[in-house]
Protein chains: 2
Amino acid sequence: MPLKNAISGRLLARLESSYWTSCVQHTRNSCRLPRPMNLGGTRRYSHHVGNNPKPSRSWASLASRSAIVVGIAAGSLQLLSEESNDKPYSKVKKAKVKTFRLAEVKQHDGSSKNPWVIRGTSVYDITDWVRAHPGGEVILTAAGGSLEPYWDIFTIHKRADVYEILEQYKIGEIDDVDLKDGRVPQDAIVDPFKYDPERDERLVTLTPCPRNAETPEVGLREFITPNELFYVRNHFWVPAVDGPEHKIIVELPDGSERTYNVKELKERFQRHKVTTTLQCAGNRRKSMTDGAGPTNGLQWKAGAISTAEWEGVKLVDVLADAGLDIENLPADAQHVHFSAMEAYGASIPIRKAIDPWGDVLLAFDMNGAELPRDHGYPIRVIVPGTVAARSVKWLSQITISEDESPTQWQQRDYKSFCPSDVKNPDWQKARSIQEMPVTSAFTRVEPIRDSKGEVESICAEGYAYSGGGREIIRVDVSVDEGRTWHEAELLDDEAQVSGSKAWCWKRWKYKGQVADDRKTVARAVLVVKATDEAYNTQPHTYESIFNARGNLATAWDHAKVSLGR
Amino acid sequence: MPLKNAISGRLLARLESSYWTSCVQHTRNSCRLPRPMNLGGTRRYSHHVGNNPKPSRSWASLASRSAIVVGIAAGSLQLLSEESNDKPYSKVKKAKVKTFRLAEVKQHDGSSKNPWVIRGTSVYDITDWVRAHPGGEVILTAAGGSLEPYWDIFTIHKRADVYEILEQYKIGEIDDVDLKDGRVPQDAIVDPFKYDPERDERLVTLTPCPRNAETPEVGLREFITPNELFYVRNHFWVPAVDGPEHKIIVELPDGSERTYNVKELKERFQRHKVTTTLQCAGNRRKSMTDGAGPTNGLQWKAGAISTAEWEGVKLVDVLADAGLDIENLPADAQHVHFSAMEAYGASIPIRKAIDPWGDVLLAFDMNGAELPRDHGYPIRVIVPGTVAARSVKWLSQITISEDESPTQWQQRDYKSFCPSDVKNPDWQKARSIQEMPVTSAFTRVEPIRDSKGEVESICAEGYAYSGGGREIIRVDVSVDEGRTWHEAELLDDEAQVSGSKAWCWKRWKYKGQVADDRKTVARAVLVVKATDEAYNTQPHTYESIFNARGNLATAWDHAKVSLGR
């Protein structure tokens, strides 16, 4: 038996016992290996990238490719760059191996019958591996060049067993004449983020690549967040695509498909507007870290939340048009998967999709303007009342399935656990986050001083939000660390709202006195908590909701204000 | 101007500035004064009272009367007997007043053109007052006899301004020959609770009249609560009525009406089964009192919650049959009011009523048997996922309205407030409770000892529940007062469930070790908290959710267990 096959056998044995296998067993029509059609379909597009220079076909065709199933089997992986398993690769000896020029490797790109990749200075023919790759065809994005920039995102690859697999496909080395100081020069490595759009400088950047940035205070204080200040949560690069011709495939449980392009969706279906807040599951994660210990993920403060008016067509209308019997759903129509162009994917329960008051849109406008590239141009999903991770951007495929999406982001992220399950949480057992719990936060706290400089009162502002369309009915503020509470004023922003339920945050204001016995204290600690219409309220501290992933950091928010002169 | 009119003028001035007036202004078709039809309609019924002896027509016709609008204007009142404003009435001097025999008063019952009532030994002709009575026609229930038993329920009447109003209608005194020791003898006072059904002795009684009793531990540990152990929450007496012929009026916003009797509902409409937990808003109120201070209301422990399978017809089917256009609701169809036969009333938002997954029933069977009288015989509303106060028993009228029910129980009870709003909460501003927040409780805790009598482990059992059909996804138990948490086992009771959403409580079990360093402690304090599918969880302590009414006592539940030998 050739070595390559032996290794593959070992890998398969490993997969047999892994979560990946259970994914494959449990899903019907999404978890199979990638279909050439998806790739071919997107390959036909032309690639207009807004104001950016037109990219070369080789990169753009890959960057915009509908990589439907990355993470498909990623249950056993931890794809997000938020985790780091960085280990140096072991350089393979160069004795008696074949050498290739960089130009030759470049010809073996994602459109080639025999895709090659580079790692370090080694060249690999991954033709036989593509179909077995747990992440699916997204691996082709790297073909024709270096894997490294991708593995800097998919850090899960940086481990011994993955290196071992790759080594089996090695065909040679880069010719020394193409190396600079013994390495493949940087300018030969295609930067997948090269075509990311410009960003407003006021956004509070957490990571530039992939782009993750909070809405700054000035944006959080508006009811409608200006597009340029809407928080950005990207898992990968921003796909470059020709908007009107961009196609979305709708696949039903019986395997039948219907393909629409954006232009057709805009013209054929009734348009709807929905105003909704979107919030990252990790919003306020930093406060959980500060309050209860280290968490694994982007350390968002209170700005991973924003509100906009979205315009698009109703998902349910498109599903019905594609042939789904909404009134009598097939038994295997339980979840709606959304696959994005770059690699991301997630799903929502079908009931949310067809709920007459669910307001799920395929949106192409945001606050009256075309979707910005950072927010899903040319088309994205908007799922009001649900964690923003399900409002998939750069939509390329919708799949109706009996099971939840098998992606990393549905199966192995965006969940929470019992506080004791720190080391080995049971990802399969935990419920994926859909509707969000009630939360609130300060956006501004200011002491008001009299002419002598004494603090007369304290003004505070903030937002409160709950998922599922459950309206915020009350916000309580304490100026004495939670001993006594006072009701804040809820701002009436109803005139700015479209939609069937209370999908938006409530802004609140509070002006309170500082008790005489506390005026000598150097600083006051203000606390805020909100109550929604189901009378759910926030937990007091982080210890009782702590999870190592740092999701749903919804404990009472605190703000310190100096009382000294 | 006659004195009576002058007094009425003063009363009206009082009402002008009261909440009652705003009720009248804001409601369209429910808050008008009582219509003779409702009274007449129920008067035609015969009065079969199960196994009880057939009551005399005069009492039963009143007790079973569809007193649609008691509490209609009760916004300015506090009807529930849970509050006590008891003050002795000032006895009116008997000089030169006309006297009446008890037999003569009895002829002026609720069916008389000139209804009279007795208070103390005085007689009042309330003919002119009935139409102005803020509580509506329920006042006629007392006509022909003494008011006192009713005012023992409607304790709000026991105050000076009410005494003052009544005095204006005084026409004389009871003849001395009918008095015993200077009082109207007890046997002349009709007991409105005389025909209440027998109760299982295992129920934990809080008040016998009206009947309020908790499910005992043995019942709380079953998934389906046996009918005889289902908790009882009555606001009044139990109406006596002939089941099949009992009529329910459906009134639409345009004023049109359709009347159904129970037999017709059973025969003409498709039947549905729904398994749901019902929970009183005051469940666990005692723990709020113990944890944060005095609360006003029945001091329920953790037994004001039970689960049953209900069978009936869908409310939406009946509304559609009555002529409501479900697909295109009129703009003034916002709430569905339910009026009960004894006096109670409440409402739900119309969306809940017509929600395809809302499962709102008009139910006549409970766990496969006819509704017990204590639980609404012959017909009641079942509103899954919503506070039980909206699942109105002994249903007599359904009214579609632009506004919420104007009753006491919608406007001035079953709400919660900012913890600081203890003395004068703003009832009008606060949201009436509909969907319930997440909660959990212990039902049993037991130490397991080894052969030496040392505590080896602790077993605990309980329930967890959340409103709105949001499934309980996790229950965490702590054996060290909340420092560390462990996941409890959720019991799989799905085979016993009918319904579109997770309307039922989840039973849970936990078996845990006691840490070595705690074995020397005399007793352990266990804590439980639950998380629902929207990842809402319970507040830690009662201080932050305290409300003087003691509603929604959902803080972490505690249980003490002795570790000593």
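In what follows, chains carry the letters A, B, and so on, assigned in the order in which the sequence lines appear, proteins first and then strands, with residues in each chain numbered from 1.
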Review point. Say you draw a straight line from CD1 of B:I545 to OG1 of A:T531; how long is it, rounded to the nearest 0.5 Å?
Key: 9.0 Å
Practice item. Could you look at A:T484 and say if it's the side chain, the backbone, both or neither that has a heavy atom under 4.5 Å from chain B? Key: neither
**Study point:** Enclosure of A:K501 NZ (heavy-atom neighbours >12, cutoff 6.0 Å)
**Key:** yes
Review point. Which atoms of B:I433 come close to chain A, meaning under 4.5 Å heavy atom to heavy atom: side chain ones, backbone ones, both, or neither?
Key: both
Check your understanding: Does any heavy atom of chain B fall under 4.5 Å from the side chain of A:D421, the backbone, both, or neither of them?
Key -> side chain
Review point. Which atom pair, heavy atoms only, marks the closest approach of A:F417 to B:R474?
Key: C-NH1, 3.2 Å
Point to revise | Between A:W485, A:W556, A:F546, the one whose heavy-atom pairs under 4.5 Å with chain B are most numerous | key: A:W485
**Study point:** Part of A:R431 lying under 4.5 Å from any heavy atom of chain B
**Key:** both
Practice item. Go through A:V438, A:T439, A:T386, A:T541 and name the one with the most non-hydrogen pairs under 4.5 angstrom from chain B. Key: A:V438
Exercise for review: Begin with the C-alpha distance, continue with both residues' side-chain angles, and end with the deciding distance and a verdict on side-chain contact (heavy atoms from CB on, under 4.5 Å) for B:E543 and A:R483.
Suggested key: CA-CA 8 Å; B:E543 283 82 359; A:R483 280 186 289 274; over 6 Å; no
**Study point:** Interatomic distance, B:I473 atom CD1 to A:S416 atom OG [nearest 0.5 angstrom]
**Key:** 8.0 Å
Practice item. Heavy atoms only, distances under 4.5 angstrom: which of B:E533, B:Q538, B:E471, B:H540 has the most pairs with chain A? Name it, please. Key: B:E471
Revision key, fill the gap. Counting heavy-atom pairs under 4.5 angstrom with chain B, the leader among A:P419, A:P539, A:P356 is A:P419
Review point. Would you call B:K429 and A:E487 a salt bridge, using N to O less than 4.0 angstrom?
Key: yes
Point to revise | Side chain to side chain, A:Y535 and B:T554, heavy atoms closer than 4.5 Å | key: no
Study note, to complete from the structure: Interatomic distance, CG@A:N536 vs CG@B:D532, rounded to 0.5 Å, equals 6.0 Å
Check your understanding: If you look at every heavy atom in A:S420 and B:H486, which pair is closest and at what distance?
Key -> OG-CA, 4.2 Å
Exercise for review: Could you look at B:R351 and say if it's the side chain, the backbone, both or neither that has a heavy atom under 4.5 Å from chain A?
Suggested key: both
